Asks: 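The structure that follows is given in the form of C-alpha cells.
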Amino acid sequence: MAFQSFHPPVRTLMGPGPSDVNPRILEAMSRPTIGHLDPVFVDMMDEMKELLRYAFQSDYALTMPVSAPGSAGMETCFVNLVQPGDKVVVCQNGVFGGRMKENVERCGATAVMVEDAWGTAVDPNKLEDALQANPDARLVAFVHAETSTGAISDARTLAEIAHRHDCLVIADAVTSLAGSPLKVSEWELDAVYSGTQKCLSCTPGLSPVTFSDRAVSVVKERKSKVQSWFLDLNLVLGYWGGGGKRAYHHTAPINALYGLHEALVIVHEEGIEQSWQRHRNNHEALRVGLEAMGLSFAVDAASRLPQLNAVNIPAGVDDAAVRTRLLQQYHLEIGAGLGPMAGKIWRIGLMGFASNRTNVLLCLGALDAVLGEMGAPIERGVAVGAAMQAYQSQAGN
Ligand SMILES: *Cc1c(COP(=O)(O)O)cnc(C)c1O
C-alpha cells in the first residue's frame, strides 16, 4: 500500500479554537530548524518573553511559553503553586473551572467550589463569602473567559477580593489573551496561563504563562517537590530563565516557537488595544446580523465574550445537521455546546486572525442559507445587510 502526504482541506475556523492561522505564522514555522541552544535561538527566546509580556500586559520576569497546549499551562500553574493539604477556592461557571478542581485535587489539596450558572459571570460576592468562610484558603482560581459558555468574568475585582484575603490568584486567560482586555500586572494576577490557538491565531500546542514574583517565591519555597518533573518551574527555569546560561531541560519545539514569535510580532504590530477593539467591532456586527435573523444570545450583554459567541439554537433545529452542512457546503466550522449546553447553543468564534469582516459576513450568509433551507423559524435574507450596516456605522463614528 502506498501512503500519500496528508493534505487537509482549507476551512474557515469559527469555533472555540483552533482559529484560522495567519499564513505569516505558517510560513515562519517552515523556516530552518536550528539547535535549541543556538545563540541565535536563545536571542529569539528572550525577544519572545518581551513580546509575551506585552500581550499579557505583564511586567513579570517569569513569562514564557510552556511546551504543550493550554491544559499544560493550567497544570503548570496548579502543580507549582498548590501543595498537598492546601485549600484552594475554585470559581466554576463552565467546563474549564471543573478542570481546575481536578487539578487541585490531583495536587493533594482541597477545592472549595464557588459555583455560578453556566453562561453567567463569576459572582464576586460568592467569592467573598467563600473566602470569609475559609480563612485558611491560600489560592483563588478562576477562568477569565469561559470558552465553554461565552461568558467573561471581572478578573480585576476577583483578584482584589482574593488579595484582601491573602490569597494568590490563578487565572485562565486561554481565550481572553489578545481578544479581551487583560492587564495582568495592573490587576495583580499572580499566575496566568493561555494558549496559542485562540486569539493569538497560532497553531495549537504551546501555552504562554506569566508568574508574579510573589508566585515565584511560593514555588521556590515549596516544602515538597513539584509532582510533575516536566512542569516543575524550578527546573524549566534553568532553560527559559534569564542570564547567559541555558541548561538542557527538554528540546524546545523550535519551529512551533518561530510560529508563536511571529504571532506575537503580529499582535505588537496591530497594538494590543486595537486587537481588543477589532474583536469587539466584529462581534458587534455579527450580533446585529444574528439578531436581525431572529437568533438570540445565551449570555447577557454585559458578560458576553466578543471572541466566542454563544447563540441559542432555535427550537426544532437539528444542531449537528446544521454544523455538518456548514462544514460540507461552506467549509465553515462553528462549535457545538458542551456539557449542559450541548444541543442548546452554537459557539461561534471570532478569534484572532479569524475575527474579520469576511468571516462575519460568510458566517451570517451561510447560516441564513442553511437554516432557511431547513425550514428553521428565521427571518431570511436580512442578516448580511444588517451586519454591513453595523460596519458602516462603526466606520462613521
Ligand atoms: C481551550 C481552552 C483551554 C485548554 O487549552 P488546550 O490548548 O486545548 O489544552 C483551557 N481553558 C480555556 C478557557 C480554553 O478555552
Side-chain angles (χ1 to χ4, degrees), residues 13-21 25 52 55-56 64-79 90-104 106 116 118-122 141-155 158 169-182 184 189 191-210 228 230-231 253 256-257 259-260 263 279 299 303-310 333-339 341 345-352 354-355:
L13 301 179
M14 296 180 69
S19 58
D20 287 338
V21 178
I25 294 170
L52 275 177
F56 271 126
M64 53 159 233
V66 174
S67 302
S71 306
M74 179 186 276
E75 292 228 19
T76 300
C77 292
F78 284 91
V79 297
V90 174
C91 305
Q92 181 174 15
N93 59 343
V95 166
F96 293 100
R99 292 188 177 181
M100 288 178 152
K101 175 173 189 265
E102 273 292 321
N103 270 271
V104 168
R106 285 166 195 238
D116 280 289
W118 289 41
T120 66
V122 172
F142 60 83
V143 178
H144 185 210
E146 245 304 347
T147 326
S148 63
T149 69
I152 191 156
S153 291
D154 181 353
L158 296 175
V169 172
I170 295 178
D172 177 319
V174 176
T175 283
S176 53
L177 182 64
S180 294
L182 169 66
V184 168
L189 308 176
V192 183
Y193 59 92
S194 190
T196 43
Q197 77 276 29
K198 315 256 167 142
C199 297
L200 293 178
S201 275
C202 190
T203 52
L206 293 171
S207 178
V209 297
T210 186
S228 161
F230 185 64
L231 300 176
L257 290 170
L260 176 56
H279 283 84
V299 175
S303 314
R304 250 172 235 165
L305 274 175
Q307 62 275 55
L308 197 285
N309 297 269
E333 180 182 277
I334 65 167
L338 287 180
M341 297 178 112
I345 60 165
W346 288 311
R347 291 182 300 153
I348 303 178
L350 283 171
M351 297 182 174
S355 177

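What you are looking at is a predicted structure, and each value in this text was computed from that prediction instead of being measured. Both counts, for ligands and for their atoms, begin at 1 and track the order of listing. Side chains included, hydrogens not; waters and symmetry mates left out as well; all remaining heavy atoms used.
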Asks: What is the minimum heavy-atom distance between S71 and R99, and which atoms define it?
Replies: OG-NH1, 3.9 Å
Asks: When rounded to the nearest 0.5 angstrom, what is the spacing between CD in Q307 and CD1 in I348?
Replies: 14.0 Å
Asks: Test V169 against L158 for side-chain contact (heavy atoms from CB on, under 4.5 Å), laying out the working first.
Replies: CA-CA 9 Å; V169 172; L158 296 175; over 6 Å; no
Asks: With a cut-off of 4.0 Å, which atoms of ligand 1 are near a heavy atom of A145?
Replies: 13 (C)
Asks: Just jot down the ligand 1 atoms closer than 4.0 angstrom to any heavy atom of T147, in number order.
Replies: 12 (C), 13 (C), 14 (C), 15 (O)
Asks: Would you say ligand 1 has an N or O under 3.5 Å from any N or O of G70?
Replies: yes
Asks: For M74, which part has a heavy atom under 4.0 Å from ligand 1: side chain, backbone, both, or neither?
Replies: neither
Asks: What part of E146, side chain, backbone, both or neither, has a heavy atom within less than 4.0 angstrom of ligand 1?
Replies: neither
Asks: Nearest protein heavy atom to atom 14 (C) of ligand 1, by residue and atom, and its distance?
Replies: K198 NZ, 3.1 Å
Asks: Got a second to check how far F78's CZ is from L231's CG, nearest 0.5 Å?
Replies: 13.0 Å
Asks: Judged by non-hydrogen atoms, does H144 sit under 4.0 Å from ligand 1?
Replies: no
Asks: What protein heavy atom is closest to atom 3 (C) of ligand 1, reported as residue, atom name and distance in Å?
Replies: F96 CE2, 3.4 Å
Asks: Report, in ascending order of atom number, the atoms of ligand 1 lying under 4.0 Å from any heavy atom of Q197.
Replies: 6 (P), 7 (O), 8 (O)
Asks: Locate the shortest heavy-atom distance separating S180 from P306; write the atom from each residue and the value.
Replies: OG-CD, 3.9 Å
Asks: Atom OG1 in T175, atom CD in Q197: separation rounded to 0.5 Å?
Replies: 8.0 Å
Asks: For T175, is at least one N or O under 3.5 Å away from an N or O on ligand 1?
Replies: yes
Asks: Measuring from W118:CH2 to Q92:CD, what's the distance to the nearest 0.5 Å?
Replies: 6.5 Å
Asks: Any N/O of D172 closer than 3.5 Å to an N/O of ligand 1?
Replies: yes
Asks: Could you list which atoms of ligand 1 come closer than 4.0 Å to a heavy atom of S71?
Replies: 4 (C), 5 (O), 6 (P), 9 (O)
Asks: Minimum heavy-atom separation for M341 and T149, please, with both atom names.
Replies: SD-CG2, 3.8 Å
